[in-house]
Amino acid sequence: MRPSAAAAAAFLTPAVTASTRLVPLRRARRFAVRCVAAPPAPKPAYSPSKTGNWQWTFEDKPVSVYYEEHEQGTAENVKNILMIPTISDVSTVEEWRVVAKDIVTRKGELSYRATIVDWPGLGYSDRPSLNYNADVMENFLVQLLNSPNSPVADADGELVVVGGGHAATIAIRAAGKGLIRPSAVAAVAPTWAGPLPIVFGRGSDMETRYGLLRGTLRAPAIGWMMYNLLVSNEKSIQSQYKSHVYANPENVTPEIVESRYELTKRKGARYVPAAFLTGLLDPVQSREEFLQLFAKLDGDVPVLVVSTLNSPKRSKAEMEALKGAKGVTKFVEVPGALLPQEEYPLAVAEELYDFLQESGR
């Protein structure tokens, strides 16, 4: 999510202004493009099969991380999927629940178990005052996939990683470094530039202002005031969801706004947003670097990219750059904006399931 444009601009600089079936449209050797038109799915309150907390250790400090598992009964031939939420001010496991439920309840030769994990500092995980950046988040993901006691430890080297936004790009980066070895990766509405850098750029003057804003947001008293102005208020959350998080403003219900608002009131809620808004969680600094991340996985790890029809202009341009790019096994397009897995979960689930079947994962 992006902060209030007016509030952010004023703080940073006054000089800156700123139901049809799937129909194949085009296929090529490296990618396929499909446009999916479907109404949003109803949002029933799905209950996970299991919930728990896993301890991530960073700088000798334990951090309790929330996760939940979705599984339909018991089966011998079960494949594991890790779903990680889009990094945002109001990131939560809730955004993947309908997708997870749809996939694990499908009948086929393979059965699936989906584990959804909240990022440290977000969702229902602990939110300590760490100096969050992309490397810290990558460290968390690497430990999660490699630790013998993690909730995905029994995947036996056959773990598909599914992520949205920055989460997808951080996973791709870690896989390219050889720090994690997923059997496949699905990047849903992948992004790499934080809300302010993608709008105002990364000039030295702007980086100075981002640092000032970040420091202000982390400060004990004034930090909460600024955080409440930019993020933690229902009007701001509703505005952001209607303007660029969801494609259809009518899908932004009072229940969604209230749920996300409650997340912003949790202890330590402002620390990760302070880093995210100002670009510290950006895994790369340019489109060229973004494309290179995917290229590193070419021929090694199958990669699905799920773009969206109504993403904000700048974000969509970065997604479109991946169409036919080296390392992208399959490229599809679904309804939605920056959070299609929540707004149009059945369309996303259909593409993920097809990819899993096609790639034998």
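All of these numbers come straight from a predicted model, not from anything done at the bench.
Of the N and O atoms on the side chains of Ser311 and Glu318, not one donor lies less than 3.5 Å from an acceptor on the other residue. No side-chain donor from either of Trp56 and Asp126 sits under 3.5 Å from a side-chain acceptor of the other.
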Enumerate donor-acceptor pairs with a distance under 3.5 Å from any side-chain N or O in residues 116-123 to protein atoms, sequence neighbours excluded.
residue, atom, partner, partner atom, Å
Asp118, OD1, Val93, N, 3.0
Asp118, OD2, Tyr124, N, 2.8
Trp119, NE1, Pro85, O, 2.9

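Taken from CG in Leu141 to CG in Asn146, the straight-line distance is 9.0 Å, to the nearest 0.5 Å. Taken from OG1 in Thr329 to CG in Leu297, the straight-line distance is 9.0 Å, to the nearest 0.5 Å. The OH atom of Tyr112 lies 4.5 Å from the CG atom of Leu356; values are rounded to the nearest 0.5 Å. Within the model, atoms CD of Gln240 and CG of Leu338 stand 10.5 Å from one another, a figure rounded to the nearest 0.5 Å. Interatomic distance, OH of Tyr344 versus CG of Asn251, reported as 5.0 Å (0.5 Å rounding). Atom OG of Ser315 is separated from atom NE2 of His244 by 8.5 Å, given to the nearest 0.5 angstrom.
Classification of Glu320 and Lys323 as a salt-bridged pair holds, one side-chain N sitting under 4.0 Å from a carboxylate O. Under the 4.0 Å criterion applied to side-chain N and carboxylate O atoms, Arg97 and Glu68 are assigned as salt-bridge partners. Salt-bridge formation is detected for the pair Lys316/Glu333: a Lys NZ or Arg NE/NH1/NH2 atom is positioned less than 4.0 Å from an Asp or Glu carboxylate oxygen. Note on Asp300 versus Arg181: no salt bridge recorded, every NZ/NE/NH1/NH2 to OD/OE distance being 4.0 Å or above.
Ring-plane geometry between Tyr241 and Tyr246 is classed as perpendicular, the angle between the planes exceeding 60 degrees on a 0 to 90 degree scale with a lower cut at 30.
Under the 4.5 Å side-chain heavy-atom criterion for Ile, Leu, Val, Met, Phe, Trp and Tyr, Met225 and Ile237 are members of distinct hydrophobic clusters. In the hydrophobic clustering of this structure, Ile222 does not group with Trp224; members are Ile, Leu, Val, Met, Phe, Trp, Tyr whose side-chain heavy atoms approach within less than 4.5 Å, directly or through other members.
Just one residue in the list Ile180, Ile170, Asn133, Leu281 forms a side-chain contact (heavy atoms from CB on, under 4.5 Å) with Glu138, and that residue is Ile170. The only option from Glu234, Glu255, Glu94 that meets the salt bridge (charged side-chain N to carboxylate O under 4.0 Å, His left out) definition with Arg260 turns out to be Glu94.
Gln341 is listed as a side-chain neighbour of Thr86, based on a closest heavy-atom distance under 4.5 Å. At a threshold of 4.5 Å between non-hydrogen side-chain atoms, the residues Phe294 and Lys326 do not count as touching. Between Tyr132 and Leu280 there is no side-chain heavy-atom pair separated by less than 4.5 Å. Within the 4.5 Å cutoff, no side-chain heavy atoms of Thr264 are placed close to those of Asp89. Asp354 is listed as a side-chain neighbour of Lys330, based on a closest heavy-atom distance under 4.5 Å. Two residues are said to be in side-chain contact when any heavy atoms from C-beta on lie closer than 4.5 Å; Pro190 and Phe290 meet this criterion.
A donor-acceptor pair under 3.5 Å is absent between the side-chain atoms of Arg113 and the main chain of Val104, judged by distance alone. The main-chain N or O of Asn228 is found under 3.5 Å from a side-chain atom of Asn233 such that the two form a donor-acceptor pair.
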**OP:** Take Leu277 and Val231 through the test side-chain contact (heavy atoms from CB on, under 4.5 Å) and record every step on the way to the result.
**Re:** CA-CA 10 Å; Leu277 295 175; Val231 177; 4.2 Å; yes

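Counting all heavy atoms, side chain and backbone alike, Arg218 lies closest to Ser129 at NH2-OG, 2.9 Å. The heavy-atom pair separating Pro345 from Val99 by the smallest distance is O-CG2, 3.6 Å. Nearest approach of Leu263 to Ala269, heavy atoms of both residues: O-CB, 3.9 Å. Of all non-hydrogen atoms in Ala153 and Ser147, the two that sit nearest each other are CB-O, 3.6 Å.
By the 6.0 Å contact criterion, NZ on Lys265 is enclosed, its count of non-hydrogen atoms from other residues, nucleotides or ligands being greater than 12.
The salt bridge (Lys or Arg N to Asp or Glu O under 4.0 Å) analysis of residues 184-204, with sequence neighbours excluded, yields the pairs Arg202-Glu207, Arg202-Asp282.
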